[in-house]
Amino acid sequence: MQHSQPGDSPANPETPRPSSPAAGQPGSAVPPEAAPAGAAAGTGAAGRHPGTAAIPGYNGTTPPQPGAAEPDRRVTRAGMIWAAVASALVVLVLLIAFILQNQELVQVKFFGLEGAVSLGMSLFIAAVGGGVLVAMAGAARIIQLRAAAHRRRVQAGRQR
C-alpha cells in the first residue's frame with residue numbers, strides 16, 4: 001500500500017505530471033533526463049496536450065488552428081437551389097399527406113357559386129389564393145420602390 005506525503009498528488013497514468021512545475025521544460029533546474037520516469041513521457045507534445053500525439057503534423061509547440069485543415073466552403077447558387085428544392089419537396093409531401101387525410105366533402109359557397117369539395121383541397125385552394133394576394137401586394141411595393149429609385153437617378157442626372 002502506498003502512503004502519500006503531504007503535498008503529493010496522486011499520479012494519473014493518462015496525464016503524467018512532472019515532479020516540479022518546471023521539470024522537463026527548457027531552462028528548468030531539472031534536465032529531462034533526470035526527471036522521474038513518469039514525467040519522461042510527459043515532456044513531449046502528448047505531455048503538454050494529452051491526446052494530441054496521434055494528430056499527424058502536430059508538434060505540440062503551437063496549438064492547432066481550428067478549421068485550418070478544412071477547405072473553404074462557400075455558398076453557391078447551386079447549393080442554395082438544391083436546399084430550396086429539398087425544402088419544397090418536404091413541404092409538398094406534408095401537403096399531400098394533409099390533403100389525403102382530409103377527404104371529407106364540405107359545402108363551399110363563393111360569390112354565388114356553390115359546390116362540394118374535399119376539406120383538404122378547399123384549404124389548399126384558400127392557402128394558394130392567400131399566397132397569390134400576398135405576392136401581388138409585394139410586387140406592387142417592389143414596383144413602387146423601383147419607380148422611386150428611377151426618379152431619383154433621373155433627378156441626380158439632371159443636377160450634374
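When a residue number appears, it is its place in the shown sequence, counting from 1.
For the side-chain hydrogen bond (donor to acceptor under 3.5 Å, both in side chains) condition, no pair includes a residue of residues 75-88, sequence neighbours left out. Within the structure, side-chain hydrogen bond (donor to acceptor under 3.5 Å, both in side chains) contacts touching residues 102-117 (residues at least two apart or in different chains) are Gln107-Glu114. Legend: side-chain hydrogen bond (donor to acceptor under 3.5 Å, both in side chains) pairs involving residues 124-146, not counting sequence neighbours, sorted by first then second residue: Arg141-Gln144.
Hydrophobic clustering of Ile, Leu, Val, Met, Phe, Trp and Tyr side chains at less than 4.5 Å, counting indirect connections, unites Leu119 with Val128. One hydrophobic cluster, built from ILVMFWY side chains closer than 4.5 Å, holds both Val108 and Phe98. Criterion: ILVMFWY side-chain heavy atoms under 4.5 Å apart, direct or through other members. Under it, Leu105 and Ile125 are not part of a common hydrophobic cluster.
Among residues two or more places apart in sequence or in another chain, the side-chain contact (heavy atoms from CB on, under 4.5 Å) test is passed with Arg153 by Ala149, His150.
Clustering of Ile, Leu, Val, Met, Phe, Trp and Tyr by side-chain heavy atoms under 4.5 Å joins Val154 with none of the others. Under the 4.5 angstrom side-chain criterion for Ile, Leu, Val, Met, Phe, Trp and Tyr, the cluster partners of Leu89 are Ile81, Val85.
For the atom pair CD1 of Ile96 and CZ of Phe124, the computed distance is 9.5 Å after rounding to the nearest 0.5 Å. To the nearest 0.5 Å, the span separating CE on Met121 from CG on Leu100 amounts to 9.0 Å.
Scanning both residues, Ser122 and Val117, for their nearest heavy atoms gives N-CG1, 4.0 Å.
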